[in-house]
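Quick note on labels: first sequence line is chain A, next is B, and so on, each numbered from 1.
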Protein chains: 2
Amino acid sequence: MTAQPTERITDHVAAEDITLQGVLEALTDPVRRGIVRQLADSERDMACGTFDFTVSRSTSTHHFKVLRRAGIIRQHYEGTVKLNSLRRADLDRAFPGLLDAIIEAARREVNR
Amino acid sequence: MTAQPTERITDHVAAEDITLQGVLEALTDPVRRGIVRQLADSERDMACGTFDFTVSRSTSTHHFKVLRRAGIIRQHYEGTVKLNSLRRADLDRAFPGLLDAIIEAARREVNR
DNA sequence: ATCAACCTTTGATGGCTGTCGTACGATGAA
DNA sequence: TTCATCGTACGACAGCCATCAAAGGTTGAT
């Protein structure tokens with residue numbers, strides 16, 4: 001009935017409102033760092049359910065929310081599936097080199 | 001009486017034991033980030049008492065300890081004064097680009 | 001209409017940590 | 001030896017946060 005599709009995600013933060021504190025808080029959690037790393041190593045957007053982690057569904061929802069509200073990922077629905085992507089450009093502009101350094105370190109972390 | 005001076009600080013972590021988790025945990029706290037930024041902007045080692053922060057003495061001791069045990073700073077006594085320096089080389093080797101990115105972001109954080 | 005898949009919300013819980021005051025220890029100077 | 005300076009250790013406390021289970025909501029397919 002609606003001409004425009006319902007937007008079910010409403011709390012993406014504006015690029016200029018991304019804070020260092022928020023980004024560091026988000027990436028200090030190992031589960032969230034794992035999400036970001038997997039996203040960085042993927043060629044396409046990933047559904048929430050396709051990530052590899054060790055926590056319950058409800059906990060993973062929480063982590064995605066923290067990442068989204070920190071401005072690290074963008075999310076949108078495609079049917080019942082929620083797709084995630086990294087906000088690389090926004091993060092690089094806000095904090096040059098930070099995301100790459102953490103992702104690279106996280107990659108090594110996983111192969112140690 | 002002792003030929004070698006007493007070493008009063010014993011828990012510096014080895015360079016190869018610096019972890020991403022520890023570094024991020026340490027630098028997520030704004031007070032600790034302030035310490036690191038001031039240290040990065042100083043030309044010489046700084047005594048604990050010469051930093052600019054808003055917490056009590058005992059709390060600051062706690063923060064220096066966290067930074068030291070994360071491998072981010074090195075400390076040594078000179079008389080009654082405890083001097084701090086950044087472990088830049090060790091950190092750069094462990095996590096290239098990370099420290100610089102955070103310091104640079106922290107500098108902007110302070111002038112906003 | 002029903003159902004399955006996907007994700008969210010809520011409430012509870014346990015653990016961690018930043019904070020402080022107070023008391024203490026070590027060093028060097030008077 | 002006395003004293004001031006500098007930093008530490010301890011105990012307490014409050015708040016935050018990662019976690020889970022259970023129940024719920026939305027969407028698309030049957």
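- Rounded to an integer number of Å, the gap from CZ of A:Arg57 to C1' of D:dG25 is 14 Å.
- Within the nucleic acid shown, B:Tyr77 comes within 4.0 Å of sugar-phosphate atoms alone, with no base atom in reach, counting heavy atoms only.
- Nearest-nucleotide positions on DNA chain D place B:Val81 closer to the 5' end than the other of A:Asp29 and B:Val81.
- As a whole-Å value, the separation of B:Arg68 CZ from D:dT8 P is 7 Å.
- Put simply, the side chain of A:Asp45 never gets that close to the backbone of A:Leu83: no donor and acceptor are under 3.5 Å apart.
- The nucleotide whose nearest atom lies closest to any side-chain atom of B:Ser56 is, among C:dG21, D:dA9, D:dT8, C:dG21.
- Proximity note for B:Ala47 (side chain, C-beta onward) versus D:dT19, C:dT27, D:dG7: the nearest is D:dG7.
- Checked by distance alone, A:Ser58 brings a side-chain donor or acceptor within 3.5 Å of a matching partner on the base of D:dA21.
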Verdict with reasoning, A:Thr61 to A:Ser58, per side chain to side chain donor-acceptor pair (under 3.5 Å): CA-CA 5 Å; A:Thr61 294; A:Ser58 51; over 6 Å; no
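- The side chain of B:Val55 lies closest to C:dT19, out of C:dT19, C:dT8, D:dC20.
- Contact annotation: the side chain of B:Ser85 never approaches that of B:Ile73 to less than 4.5 Å [non-hydrogen atoms, C-beta and beyond].
- Of all nucleotides listed (C:dT9, C:dT19, D:dT19), D:dT19 comes nearest to the side chain of A:Thr59.
- Closest heavy-atom contact between B:Ala101 and A:Gly97: CB-C, 3.8 Å.
- In this structure, B:Arg33 contributes its side chain and B:Leu27 its backbone to a donor-acceptor pair below 3.5 Å.
- In this structure, A:Glu25 atom CD and D:dA18 atom C1' are separated by 13 Å, rounded to whole Å.
- Although no hydrogens or angles enter the test, the distance criterion places no donor-acceptor pair under 3.5 Å between the side chain of B:Glu104 and the main chain of A:Pro96.
- Distances from the side chain of B:Thr80 to the nucleotides D:dC6, D:dT27, C:dG18 place D:dC6 closest.
- Atom CG in B:Leu67 sits roughly 14 Å away from atom C1' in C:dT17 (whole-Å rounding).
- Protein atom NZ of B:Lys65 is 14 Å distant from nucleotide atom C1' of C:dG18, rounded to whole Å.
- In this structure, A:Thr28 contributes its side chain and A:Leu24 its backbone to a donor-acceptor pair below 3.5 Å.
- With B:Arg68 as reference, B:Gln75 is the one residue of B:His12, B:Gln75, B:His63 to meet the side chain to side chain donor-acceptor pair (under 3.5 Å) rule.
- Residue-level contact check: B:His63 touches the backbone only, with heavy atoms under 4.0 Å from sugar-phosphate atoms and none from bases.
- Within the helix from C:dA1-D:dT30 to C:dA30-D:dT1, the inter-axis angle between the opening and closing five-pair segments is 10°, rounded to 10°.
- Remark: P of D:dC17 and CZ of A:Phe64 are 19 Å apart, rounded to the nearest angstrom.
- As rounded to whole Å, 12 Å separates atom P of D:dG7 from atom CD1 of B:Ile73.
- Rounded to an integer number of Å, the gap from A:Phe53 CZ to D:dA18 P is 14 Å.
- Listed nucleotides: C:dG18, D:dC6, C:dC6. Nearest to the side chain of B:His62: C:dG18.
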